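The block underneath contains the structure these notes are about, expressed in C-alpha cells.
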Amino acid sequence: MKRVFAFIGFTVAITLFVLLNIDFRAVPLITAAALVLLILSLVFKTTREGRCIPVVFASALFACSVFLITMYSSVMPQLELSGSSADAVAYITDIPEETSNGRYAYSIKTKSVELEGAPQNIRLILYSDTKLEADYYEYFDCDITFSNPYSSAFKSYGAYAKGEYLTCALENIKPTGVYNHNPLRYIILLRERIIAELLNTFDGDSGGLAVSLITGDKSFVNSEIYNNFKICGVTHSMAVSGLHVALAYLAVSVLLKPLYKHKKLQSLISGLFVFTYIGIADFSKSALRAGIMITVFLVANAVKRPSDNLNSLGIATFIICLNPFAVTDAGALLTVSAMLGVLVIYPRLLSEFSVSNRILQFFVSGFLISLSVVLSTFPVGWLFFGAMGLIGIVLNIIFIPLVQLAVISLIFFLFFSPLKYLAAPFVFISRLALKLMLLLTDFTADRFSFLYVDFSGRYTGIAIGFILLFIGITLLAFKKLNVKAVLAVSLALLISAYAFSAYETRSAKHIAITENGSVLVYDNSVLYTLDGQKADRYLIEAVSENREVISLNTKTLDGTYENDFMSLYKQDKAVYLDIYNYRFEISDYCVTIGDIRFYRNLKKEPSVYIISIKEGYEMIIEEKEG
C-alpha cells in the first residue's frame with residue numbers, strides 16, 4: 001500500500017471535521033460503527049489484503065477515540081466552570097494582543113484552581129482593560145471568574161484549537177516573583193526582541209508588515225493595509241506558513257554550508273532552528289505543518305532514505321490532529337489544502353498546459369500554482385470567509401517572489417543585526433521589498449477591488465458539494481481525473497450559484513457590521529453607510545455598485561431618518577435602527593438585536609456579520625472572518 005501515512009492523516013482530519021459538525025450525541029454511535037466496519041474489513045480476505053480500507057476505518061476509529069477522550073477529559077469539565085468564581089494561581093503564556101477598543105487579550109494558564117472538583121492546569125483567554133504587572137511565566141495569585149462565550153468549536157475562531165475553551169476575568173492580581181521555568185518563556189522573550197528590532201529599524205507600515213512576515217503577528221498592521229492585502233488575495237503572506245518556514249530553513253542552510261561534510265550535525269542544527277522559528281511564530285498550525293514536513297525530510301536525509309511529499313503531509317496532518325480541534329483552525333485547513341493543491345492539482349495542470357518557451361513557462365507555472373492553490377483552498381475559503389480576491393491568482397506571480405526576497409533579507413538582517421555594517425545591505429533590500437509590496441497592494445486594491453468576489457450563501461455550498469460529487473464519480477468510473485472537464489463543470493456550477501445568490505440578494509434588505517466599525521444597510525437600489533470607516537472603503541465600494549450611496553453618522557444624528565424599509569433615530573442618547581419588524585440598537589462597540597450582539601471594533605471577532613431580512617420572513621445571520 002503506497003502512501004499509508006497520507007491515508008491515515010487525511011482520514012483522521014476528515015473524520016474530526018465531520019464529528020465537529022454533528023450532534024455530539026451521535027459521536028458514540030459513529031465510533032461504534034467505525035469499530036464494526038474495521039472488524040468486518042479485517043474479516044474479509046479481499047479488503048484485508050487490500051489494506052487501504054482497514055487503514056481508513058482504523059484511522060476513523062482513532063479520530064473518534066481522540067475526540068471523545070478530549071471532550072470527556074478536558075472540554076466538558078472546563079465548560080462546567082462557566083459562571084463560577086474561584087481563587088487561583090496562574091501565569092501568562094504569550095505576548096498580549098491589544099484589541100482595537102484598547103483592551104488587552106492575554107493567554108494564561110492556571111497552576112491551581114481552588115474549587116472543589118475543578119480541573120487544574122487549564123488554558124484561558126483573559127480580557128483586561130489594563131496591562132497585567134506579572135511577567136511571562138511568573139505565577140500570580142488572583143480571583144478568577146470563568147465564562148463560556150463560544151457556541152461551538154468553529155465559533156471560537158481558533159481558541160479551541162489552542163486549548164482555550166473559556167474566557168475569564170481576574171481581580172486582586174498579586175505577582176509572587178516565582179517563575180515556571182519553561183523554556184518557551186525564552187522564545188517569547190526572543191519574539192519580543194525581534195518585534196522591537198523590526199519596529200525600530202523599519203518605519204510605519206513597513207515595520208508592521210515586517211513583523212507580520214516574520215512572526216505572523218498582524219496587530220502592528222493597520223486595518224487599511226490589511227484590507228488591501230485581503231482584496232488582493234495575498235493575506236497568506238502575513239501568516240507564517242510553509243513558505244516562510246521553508247525560507248527560514250533555506251537561510252539557515254546557507255549559513256551552515258561550512259558543515260556540508262557533517263550531514264547529521266547540519267540536520268540537527270537546522271531542525272533546532274526551524275523549531276525555534278515556529279515558536280517565534282507562536283506555533284501556528286500552518287508553521288507546525290511545514291516544520292513537521294521539513295523534519296521528516298531532514299530525518300530521511302540523515303538516514304539516506306527518500307521522502308514522499310504526500311506521505312510527509314499526511315504525517316504532519318496526523319500529528320496536528322492529535323489536537324482534535326485543529327480542524328476548526330482556518331490556518332491549519334488552508335495550509336494543508338494549499339499543499340494538496342501544489343502536490344496533486346498543479347502537476348496535472350502543468351501536464352495539460354505546459355509551453356516550450358522557458359520565459360513564458362515561468363509565468364505559466366506561476367499562474368498554475370496560484371490557480372491550483374485557489375482551487376484546493378476554495379472549499380475552506382467558502383466555509384470560513386465566504387469571499388475571495390480573484391486578482392490574487394495573477395498577482396501572486398509577482399507578489400510571492402517579493403515575499404521571498406523580504407523574508408530572506410529580514411532573516412539575514414536579524415542574524416547580523418549586532419554587526420551593523422553586515423546588516424546594512426539586508427536592511428536596504430528588506431526596506432525596498434516591503435515598500436514594493438505595500439505600493440503594489442495599494443495600487444491593485446484601488447483598481448481591482450471589484451474582483452473581491454463574495455461566494456457566501458447556501459447556493460455556493462450546494463455547488464461545492466456537486467463539484468466534489470462529480471470528482472468522486474469521475475474517479476470511481478474512470479480511475480482518473482479529466483482536469484479540463486472538472487474545471488469546466490466547476491466554473492459552470494459556481495457561476496450558476498453566484499447568479500442565484502445575486503438574484504436572491506435583490507429581493508432582501510441587508511445590514512452588515514464590520515470589525516472596523518462601519519454599519520452598512522442596503523437593498524437593491526440604495527446603500528446607507530452608518531459611521532463608515534476608511535478601512536472599509538473597498539467593502540463599501542463593492543456593495544455600492546449600482547446603488548445610490550447615502551452616508552450617515554450615528555454620533556451626529558439629530559431626529560429621525562426614514563425611507564421605505566428602514567428608520568434610523570436617536571432616543572435617550574441611544575441610536576436605533578428599525579428594519580421591518582426588527583429593531584437594532586447601535587453603540588460604539590456593537591449592534592444589538594434582542595439578546596444577540598454583533599461586535600464592531602473588536603479584532604478577535606469575525607470581520608463582517610451580514611444579516612438578511614425579507615418582509616414577512618425570518619432573519620438570516622451569516623458570519624464571515626476577514
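Because the structure is a prediction, the values reported are computed rather than measured.
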* Heavy-atom count around Phe275 CZ within 6.0 Å, excluding the residue itself: above 12? ->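 Incorrect, the count does not exceed 12.
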* Phe220, CZ: over 12 other non-hydrogen atoms inside 6.0 angstrom ->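 Yes, enclosed.
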Minimum side-chain heavy-atom gap [X]-[Y] below 4.5 Å:
{"X": "Ile108", "Y": "Arg123", "result": "no"}
{"X": "Phe448", "Y": "Leu390", "result": "no"}
{"X": "Leu198", "Y": "Leu414", "result": "yes"}
{"X": "Thr444", "Y": "Ile231", "result": "no"}
{"X": "Leu213", "Y": "Met238", "result": "no"}
{"X": "Ile125", "Y": "Lys162", "result": "no"}
{"X": "Thr554", "Y": "Leu577", "result": "no"}
{"X": "Arg547", "Y": "Tyr528", "result": "no"}

* Kindly say whether the aromatic ring centers of Tyr186 and Tyr137 come within a distance under 6.0 Å. =>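 When the ring centroids of Tyr186 and Tyr137 are compared, they turn out to be at least 6.0 Å apart.
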* To do: Measure from the ring center of Phe413 to the ring center of Phe202 and say whether it is less than 6.0 Å.
  =>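 Distance test on ring centres: under 6.0 Å, yes.
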Taking all non-hydrogen atoms of both residues into account, name the closest pair between [X] and [Y] and its distance.
{"X": "Ile225", "Y": "Asn222", "result": "N-OD1, 2.9 Å"}
{"X": "Ala330", "Y": "Val380", "result": "O-CG1, 4.4 Å"}
{"X": "Leu313", "Y": "Met339", "result": "CD2-CB, 3.8 Å"}
{"X": "Ser376", "Y": "Ser337", "result": "OG-O, 2.8 Å"}
{"X": "Leu434", "Y": "Ser206", "result": "CD1-O, 3.6 Å"}
{"X": "Ala13", "Y": "Thr317", "result": "CB-CG2, 3.8 Å"}

Is [Y] paired with [X] through a side-chain N to carboxylate O contact shorter than 4.0 Å?
{"X": "Lys555", "Y": "Asp588", "answer": "yes"}
{"X": "Arg191", "Y": "Asp94", "answer": "yes"}
{"X": "Asp135", "Y": "Arg185", "answer": "yes"}

* **Verdict with reasoning, Glu164 to Leu124, per side-chain contact (heavy atoms from CB on, under 4.5 Å)** => CA-CA 5 Å; Glu164 299 166 338; Leu124 301 162; over 6 Å; no
* If the plane angle is over 60° it's perpendicular, under 30° parallel, otherwise tilted; pick one for Phe584 and Phe598. =>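 Ring orientation of Phe584 relative to Phe598: tilted.
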* To do: Over 60° means perpendicular and under 30° means parallel, so classify the ring planes of Phe412 and Phe416, tilted if in between.
  =>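 Aromatic pair Phe416/Phe412 classed parallel.
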* Asked: Val519 and Asp531: side-chain contact (heavy atoms from CB on, under 4.5 Å), yes or no, with the steps?
  -> CA-CA 7 Å; Val519 179; Asp531 307 332; 5.6 Å; no
Tell me every residue that passes side chain to side chain donor-acceptor pair (under 3.5 Å) with [X], counting only those two or more places apart in sequence or in another chain.
{"X": "Tyr136", "result": "Glu192"}
{"X": "Ser409", "result": "Ser430"}
{"X": "Ser525", "result": "Asp523"}

I'd like to know if the side chain of [X] reaches the main chain of [Y], judged simply by a donor and an acceptor atom lying under 3.5 Å from each other, with no hydrogens or angles considered.
{"X": "Thr93", "Y": "Ser107", "value": "yes"}
{"X": "Thr328", "Y": "Phe325", "value": "yes"}
{"X": "Asn200", "Y": "Ala196", "value": "yes"}
{"X": "His244", "Y": "Ser237", "value": "yes"}
{"X": "Tyr106", "Y": "Leu132", "value": "yes"}
{"X": "Tyr277", "Y": "Ile214", "value": "yes"}
{"X": "Asp442", "Y": "Leu438", "value": "no"}
{"X": "Ser212", "Y": "Gly216", "value": "no"}
{"X": "Ser587", "Y": "Cys590", "value": "yes"}
{"X": "Asn228", "Y": "Thr441", "value": "no"}

* **Verdict with supporting geometry, Tyr104 and Leu126, side-chain contact (heavy atoms from CB on, under 4.5 Å)** => CA-CA 8 Å; Tyr104 297 93; Leu126 162 68; over 6 Å; no
* Test item: side-chain donor near acceptor, Ser551 and Thr529, under 3.5 Å ->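 Yes, a side-chain donor-acceptor pair sits under 3.5 Å.
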* **Asn516 and Ser518: side chain donor to acceptor below 3.5 Å** =>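 Short answer, no.
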* To do: Measure the spacing between OG of Ser417 and CD of Glu197 and express it to the nearest 0.5 Å.
  =>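 Between atom OG of Ser417 and atom CD of Glu197 there are 4.5 Å.
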* To do: Please report the C-alpha distance between Arg348 and Val344 in whole Å, then the side-chain angles of each, then the deciding distance to 0.1 Å, and finally whether the side-chain contact (heavy atoms from CB on, under 4.5 Å) criterion is met.
  => CA-CA 7 Å; Arg348 295 299 306 273; Val344 178; 5.7 Å; no
* Could you go step by step and tell me if Gln533 and Thr514 meet the side chain to side chain donor-acceptor pair (under 3.5 Å) rule? -> CA-CA 9 Å; Gln533 302 297 310; Thr514 78; over 6 Å; no
